[in-house]
Each structure stands twice: as structure tokens, then as C-alpha cells.
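First listed ligand is number 1; within each ligand, the first listed atom is number 1.
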Amino acid sequence: MKKIAVLTSGGDAPGMNACIRAVVRTAIFKELEIYGISYGYEGMINGRIKRMHSYSVSNIIQRGGTILKSARSEEFRTKEGRKKAYEQLKAFGIEGLIVIGGDGSFTGAKIFFEEYGIPTVGCPGTIDNDIYGTDYTIGFDTAVNTALEAIDKIRDTAAAHDRIFFVEVMGRDSGYIALECGIGGGAEFVMIPETSTDLRQVTKSLKNLRKSKSSSIIVVAEGDEEGGADEIMEKVKAKINDPDKEFKVTTLGHIQRGGNPTARDRVLASRCGMAAVEGLISGEQNCMAGIVNGEVVYTSFDDCINKTKHLKDDHLKLIEILSI
Ligand code: F6P
């Protein structure tokens, strides 16, 4: 293998740049030619492929976003789109691929590998932390800390006015961000897609809590089955039915996707990037390089996509016990 390429795909995550840097510099260290593909699979189809050098990744380890840009490609979902992408890789003589992204990106990588056999290794890049085969995903720690900083600030104003705040965090299908910033931010409740939310119980507990606490923070993952924070706040407000109590909503949104990556994300991204290149060289393919219990582990794309990384029961218990 002499020429490999790297791309970022799907929702961006802080630390993707640190991962690109590690991929590029490890490839150069191993005397491979390394190419960057801009705009993910869409860029692969359109031949947006450029040679990268050590200096191409200078001064990016601390930056959020991705210098390779990211995209969600509809065309890559089609056979014709993937054929065009393969022809572009062939024209550049690329023999191996590194995909930094989440489960949607790995699904694309797996289908592409099955059709064209180009060895591919993934790096887990998503703030959602919902990928099997790695304890943490690149960007999760930064997103949690961003949300936590906001919750700390909301707590100040909530306490000053005796208000009940519903804070919506990202996580269309996953409650990891909500759970960790809920624990770290001392939330009274956390509502997540993985567990069923009992609004009657929440209302009852909120009424009880008001005997000892004048304000409350409730963290809602955007994908909770009862709705987003706005919808849930309206339902709870109607059930509590107390004109003296004030309810507020803050939706944190995409600020959780940006910003300088934390030290933990930079280290994780660097380790996964290096492991992906080393794996590719030693014959790993159709799999992701993740970190499990502190060690590099290669997990098949099939398992990454189809197996579920379960939330820890004691995390859920912590919220319940520590909020009394
Ligand atoms: O990166 C994952 C994620 O942050 C989800 O939690 C969220 O629902 C989604 O991306 C939103 O992404 P976009 O606005 O880019 O479609």
C-alpha cells in the first residue's frame, strides 16, 4: 500500500482536526502518500482529492470543525454514486481509506468496501458517543463540557429567580450527552431516548422537590420520546398547574458541536488516527479503530453499526439518588 486517503463525514465533532493531523503525520512517518478528500463522500464522487503534507495539518490540533469539511451525501447512497467515487479513487491510485465519522458514515464505508474491496478503517468521530467498539467517541467530551458550562450558568439564574429550567442538549438517538452533563451539572432529572420518560412521575417528584428546593434543572436529550424541551416543558407546566411557578427552556443546539477540543478529545483523536493508519498497513479493513479500556481495539463496521453501546445503569441511578 503506497497511497491512502482520509475524509470526514456526517456531523462534525471537535477533535476531527486532531484526528486528521494524526492520520496525515502517521502516514508520512510510515512513508505513505496521503490524500485529503474534501466534503466527505460527496467530495469523493466529485474528485475533490488533494495530496496532503505535514504542513497541511500544522496549527489545527486545537481547532474545532474539520479542515476537510463534512457533508451528508445522498448520491453516495446510490450504486451509481459509489461507482463514480470508486473511479475517482482509482484515478488517483488510492489503495486505502480512512473515514472519520459516526455510524451513518461507517454504513457507507461498509457498503463501499463490500462493493469495491478498498481497505477501509474508521475513526469514531461524533459528539453523540453512540458507537459500539469504543468507550468514547471523538468530540463527546468537548460537547459535554460545553453543555455543562451552559448548565452552570443557567443554574445561577434559575436559582436567582426560583425557576424550573428545561435544557435541551443534542442526541437524536442517544442520551449520552444528556446523562453526563446531567450528572456533572447536578440536574434533578434527565430525559433520554433510551429510557421511557414518565411525566406523571416527574411532575410528582418536582412538586415534592419544591418543599426543599426552589429551582430545578431538567436536561432533555432532543430525541426523547416525549418531545423536545419546549414540548416537555408545556406538558409538565400544565400538569403542575401553578401560576406562581415559572418555567423556562434553553436549547443549546449546535454550540455543542463547535469549539476547541478538550485535552481528552485531542488525545483520543490522535490515538485513533494513528491506530487507523497502522491498522490499514497491517491488514485491518472494514473496521473501526477505537479505544476500549485504554487499549486500541479494531471492531468490524458491522458490529459498530449493529451492536448497541449500553448506558451504564449506575449513571442513571446517580441522577435519581443525587437529586433528592
Ligand atoms: O452529530 C450528531 C448530532 O449532533 C445529533 O445529536 C443531532 O441530532 C444531529 O447531529 C444534528 O446534525 P445536523 O444539524 O448537522 O443535521
D12 contact mode with ligand 1 (heavy-atom cut-off under 4.0 Å):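 Contact part for D12 vs ligand 1: neither.
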
Residue part near ligand 1, for Q256, under 4.0 Å between non-hydrogen atoms: neither

Among all protein heavy atoms, pick out the one at the shortest distance from [atom]; state its residue, atom name and that distance to 0.1 Å.
atom: atom 1 (O) of ligand 1; answer: R257 NH1, 3.5 Å
atom: atom 4 (O) of ligand 1; answer: M170 SD, 3.1 Å
atom: atom 16 (O) of ligand 1; answer: R72 NH1, 3.0 Å

Pairing of K79 and E115 as salt bridge, 4.0 angstrom limit: yes

E222 bridged to R172 by N-O distance under 4.0 Å: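 Salt bridge absent between E222 and R172.
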
Side-chain donor or acceptor of K309 paired with backbone N/O of D135 under 3.5 Å: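 Between the backbone of D135 and the side chain of K309 there is a qualifying donor-acceptor contact (under 3.5 Å).
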
Main-chain N/O of D128 paired with T126 side-chain donor or acceptor, under 3.5 Å: yes

Taking only heavy atoms of [X], which atoms of ligand 1 are found under 4.0 Å from at least one of them?
X: I127; value: 4 (O)
X: H254; value: 13 (P), 14 (O)
X: G171; value: 6 (O)

D265-T142 side chain donor-acceptor pair, cut-off 3.5 Å: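 Yes, a side-chain donor-acceptor pair sits under 3.5 Å.
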
Step-by-step ring-ring contact (aromatic ring centres under 6.0 Å, His included) determination, F165 to F247: CA-CA 6 Å; F165 262 86; F247 295 82; over 10 Å; no

